[in-house]
Amino acid sequence: MTRVDDTLAMAELRDGDGHPRRVAELWQKRPALLLWVRHFG
Amino acid sequence: VAELRPHVPELRTIGVEPYVIGSGSPAQAQQFQQKMKVETLPVLSDQRLESYRAAGFKRSAVATMLHPSTWARGLKIALKYRQGRTLGDPWQLGGAMIVRPDGELRWRFVSAAGGHHPSLAQLLDEARRAVT
């Protein structure tokens, strides 16, 4: 089983209101599909 | 993201929560959400590119702007969708992952050039596989 790297799990994101969220929070409750886009364009 | 929009309820039904992460500001994330009409899909901001680096996604002027496939795919996308100006790091490439609650990485995709992304069918297949 491949686990997500801790650095990624602990990386900090911001929601639309500017509130911080750790990447690991996204898959805490259920499997998460994460899409990193090239830019918001 | 526009292609994924109609399938967001389906993903949630099978038990997978989708998120979009971009390198623009939180305000730009909100604008993107409104423009793409994906208000129910969380769009998050990573201006420091912390998660992009940790995920091993490429950052390259050649791969984003000068790679021949960038132009071919860009044209294909432009014919289908109206793309606005670049909001975020122009040299940063993206990717995708599916992660289970125990931290297991079930699937990973690394974009090799601008416009290189997984097909919708692949995303949905991988999502279904992740919950079985």
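Note on naming: letters A, B, ... go to the chains in the order of the sequence lines (proteins, then strands), and numbering restarts at 1 for each one.
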Using atom types as modelled and distance alone, determine if a side-chain donor or acceptor of Ser51(B) lies under 3.5 Å from a backbone N or O of Leu8(A).
no

Checking Arg53(B) against chain A: side chain, backbone, both or neither under 4.5 Å from a heavy atom?
neither

Where on Val4(A) is there a heavy atom nearer than 4.5 Å to chain B: the side chain, the backbone, both, or neither?
both

Give the C-alpha distance, both sets of side-chain angles, the deciding distance and a yes or no for side-chain contact (heavy atoms from CB on, under 4.5 Å) between Gln47(B) and Ser25(B).
CA-CA 6 Å; Gln47(B) 284 181 286; Ser25(B) 68; 3.6 Å; yes

Let me know if Pro42(B) has heavy atoms under 4.5 Å from chain A in its side chain, its backbone, both or neither.
neither

Counting distance only, does the side-chain N/O of Ser23(B) pair as donor-acceptor with the main-chain N or O of His39(A) below 3.5 Å?
no

Against chain A, work out which of Ala130(B), Gly95(B), Gly56(B), Ala29(B) has the most heavy-atom pairs shorter than 4.5 Å and name it.
Gly95(B)

Indicate yes or no for a side-chain donor-acceptor contact from Arg3(A) to the backbone of Asp102(B) under 3.5 Å, with no hydrogens or angles considered.
yes

Contacting moiety of Ala9(A), where chain B heavy atoms sit under 4.5 Å:
neither

One option among Arg100(B), Arg48(B), Glu104(B), Glu126(B) has the most heavy-atom pairs under 4.5 Å with chain A, and it is Glu104(B)

Taking His19(A), Glu12(A), Lys29(A) one by one, which has the highest count of heavy-atom pairs under 4.5 Å against chain B?
Glu12(A)

Is Phe57(B) close to chain A through its backbone or its side chain, or both, or neither, when contacts mean heavy atoms under 4.5 Å?
side chain

Give, as side chain, backbone, both or neither, the part of Val99(B) having an atom under 4.5 angstrom from any heavy atom of chain A.
both

Keeping the roles fixed (side chain from Gln33(B), backbone from Leu41(B)), state whether a donor-acceptor pair exists under 3.5 Å.
yes

Using 30° and 60° as the class boundaries, would you call the ring planes of Phe32(B) and Phe40(A) parallel, tilted or perpendicular?
tilted

Step by step, work out the side-chain contact (heavy atoms from CB on, under 4.5 Å) result for Trp107(B) and Leu33(A).
CA-CA 9 Å; Trp107(B) 174 73; Leu33(A) 166 63; 4.3 Å; yes

Counting heavy-atom pairs under 4.5 Å to chain A, which of Ala27(B), Gly94(B), Ala55(B) comes out on top?
Gly94(B)

Please identify, among Pro18(B), Pro26(B), Ala127(B), Ala54(B), the residue contributing the most non-hydrogen atom pairs under 4.5 Å to chain A.
Pro26(B)

Quick check: is Val1(B) connected to Val43(B) through a chain of hydrophobic side chains (ILVMFWY, heavy atoms under 4.5 Å apart)?
yes

Side chain, backbone, both or neither: which part of Asp17(A) has a heavy atom under 4.5 Å from chain B?
both

